[in-house]
Number of protein chains: 2
Amino acid sequence: MEAHSSPRRNASHTRERLLNAAFEEVYHSGFRGSDLNTILAKAGVTKGALYHHFDGKDALGHAIVENVIAKITQDKWLAPLDDVDDPIDALIGILDSTGTSEAEVNGGCPLNNLAQEMSPLDEGFRLRLSEIFTNWIDGVTDALRLGQVNGKVRRDIDPRETATFFVASYEGYISLAKTAQDARVLRSGIRQLRVYLEGLRPPIKTA
Amino acid sequence: MEAHSSPRRNASHTRERLLNAAFEEVYHSGFRGSDLNTILAKAGVTKGALYHHFDGKDALGHAIVENVIAKITQDKWLAPLDDVDDPIDALIGILDSTGTSEAEVNGGCPLNNLAQEMSPLDEGFRLRLSEIFTNWIDGVTDALRLGQVNGKVRRDIDPRETATFFVASYEGYISLAKTAQDARVLRSGIRQLRVYLEGLRPPIKTA
DNA sequence: TATCATACATACTGGTTGGTATGGAAGCAC
DNA sequence: GTGCTTCCATACCAACCAGTATGTATGATA
């Protein structure tokens, strides 16, 4: 157990700085549009540090997916959905927490951005990104299933198909809003998705 | 009125060859990933021809959007929806016509691919792509509205919000399927979207 | 404190690629 | 058939950028 102060040399700290700077740059220039030197300048380190921690640009990109993007998905979706009583309330809560600032709308979804750009070009990217999508959908699926058990979700819907539909629609709205550069598109999407989710609640027993 | 035979020099023919070759290349390498020389080789012309017809790579990309992608959207969505009696039947028909071959699934949607890659980086791309999305949604919206008049669509739904939801979900599924490289994802999406569309029909008058 | 692996910094290189300069052949005007 | 414009080919250039080679400072270890 070593205490992490901030000596002039701190490997894990440097690695994190690189990852964060690279994520930012990739987020709004794409992976191919990102210049290593720009990333290095933003991270405040030099090329030697980068190639010490990573094998190259591709490896850095893969690490972004595994460390940064996976964590974002985990924090925003999986954690709040874990073992929750009413998944519909939880999902609506997450929807409402979705940022609709100009920067976020114009930037789109980091996960989907990278997936659309790199999936056809690099299997290393695709597999890692695909796994995150799978985990995401799995999380929603499990929550819906538990909700069915708890009587909070209609039993006549298929949890996996419904979860996939929800995720697809959510990502689709973010993509549309990004292209339109219009937050109203995203807010409309959130409203509509809420309506959709409400429709998943069990009908009131008219007995 | 001039007859178009095929002399060794034919400007419009050359331009089309360039556009088609560029579209193919961009479709499966992305715009930035596309090499001009590769496009030229595929088109069977040289750089002189390209720079005679277009100002540069960007202009060629813009022309792809305006000519090729706009036409695809027009043919697949707008034409079949134009002035149709029952938009739900029409939309389901279009859904069923969606290709689910490996190449198409892995390639994704040309419109959305370019939009996600280039919208944040080039306003010329973004505006042109955004316009196509707008036209697409407008077409669905108008069809739904007419369907309401014809009594084929529930009157308690908002045509524009519904059309946007439909397009977003459709694109979202295509994106998911592309990343997963799994046609089943897309086919599941088509099924779910059909269910969604069926739900837009007016309830049966129980009188 | 001598040693050595770790953790960086600096300078350079080579390939890729969009773009340009130049020339020439085809076709229309007259 | 001469001149001019359109259309296209060829050769070359310059910038950008990932990657490398090399050097050096740090700090753990013994």
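In what follows, every chain begins at residue 1, and chains take the letters A, B, ... in the order their sequences are listed. Scope of the values below: all heavy atoms of this structure, side chains included, with no hydrogens, waters or symmetry mates.
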Rounded to whole Å, the OH-C1' distance (A:Tyr51 to D:dG19) equals 5 Å
Aromatic rings B:Phe165 and A:Phe165: how do their planes relate, parallel, tilted or perpendicular, breaks at 30° and 60°? perpendicular
- Determine whether A:Arg145 and A:Asp142 make a side-chain contact, defined as any pair of heavy atoms from C-beta on separated by less than 4.5 Å. yes
Rounded to whole Å, the CG-P distance (B:Leu50 to D:dT10) equals 15 Å
A:Asn37 atom CG is separated from C:dA11 atom P, nearest whole Å, by 13 Å
Heavy-atom nearest nucleotide on DNA chain D taken for A:Arg32 and for A:Gly48; more 5' hit belongs to A:Arg32
Looking only at side-chain N and O atoms, does A:His53 come under 4.0 Å of OP1 or OP2 in C:dC8? yes
Taken to the nearest whole Å, CZ/B:Arg17 to P/D:dC7 is 17 Å
- Message: Once you apply a heavy-atom cut-off of 4.0 Å, does B:Ser34 come out as touching a base, just sugar-phosphate, or nothing?
- Response: sugar-phosphate
Does the side chain of B:Thr73 come under 3.5 Å of the side chain of B:Asn135 through a donor N or O and an acceptor N or O? no
Per nearest nucleotide of DNA chain D, the residue lying toward the 5' end, A:Asp55 or A:Gly33, is A:Gly33
**Message:** Please confirm whether the shortest side-chain N or O distance from A:Thr14 to OP1 or OP2 of C:dC8 is below 4.0 Å.
**Reply:** yes
Between CG of A:Leu40 and C1' of C:dA11 the distance, given in whole Å, is 14 Å
Among C:dG19, C:dC8, D:dA18, the one nearest any side-chain atom of A:Lys57 is D:dA18
Out of D:dT20, C:dA9, C:dT17, minimum distance to the side chain of B:Asp35 belongs to C:dT17
Between CG of A:Asp58 and P of D:dC17 the distance, given in whole Å, is 16 Å
Of D:dG19, D:dC8, C:dG19, the nucleotide closest to the side chain of B:Ala49 is D:dC8
Note to self: Any side-chain N or O of B:His52 below 4.0 angstrom from OP1/OP2 of D:dC8?
What the structure shows: no
Between NE2 of B:His13 and C1' of D:dC8 the distance, given in whole Å, is 15 Å
Original post:
Can you find a pair of side-chain heavy atoms, one from A:Tyr196 and one from A:Leu91, that are under 4.5 Å apart?
Top reply: no
In whole angstroms, the gap separating P of C:dT17 from CD of B:Glu25 amounts to 10 Å
**Request:** Return yes if the base of C:dG19 and the side-chain atoms of B:Lys47 contain a donor-acceptor N/O pair under 3.5 Å, otherwise no.
**Result:** yes
Sub-3.5 Å donor-acceptor pair from the side chain of B:Glu25 to the main-chain atoms of B:Thr38, do we have one? no
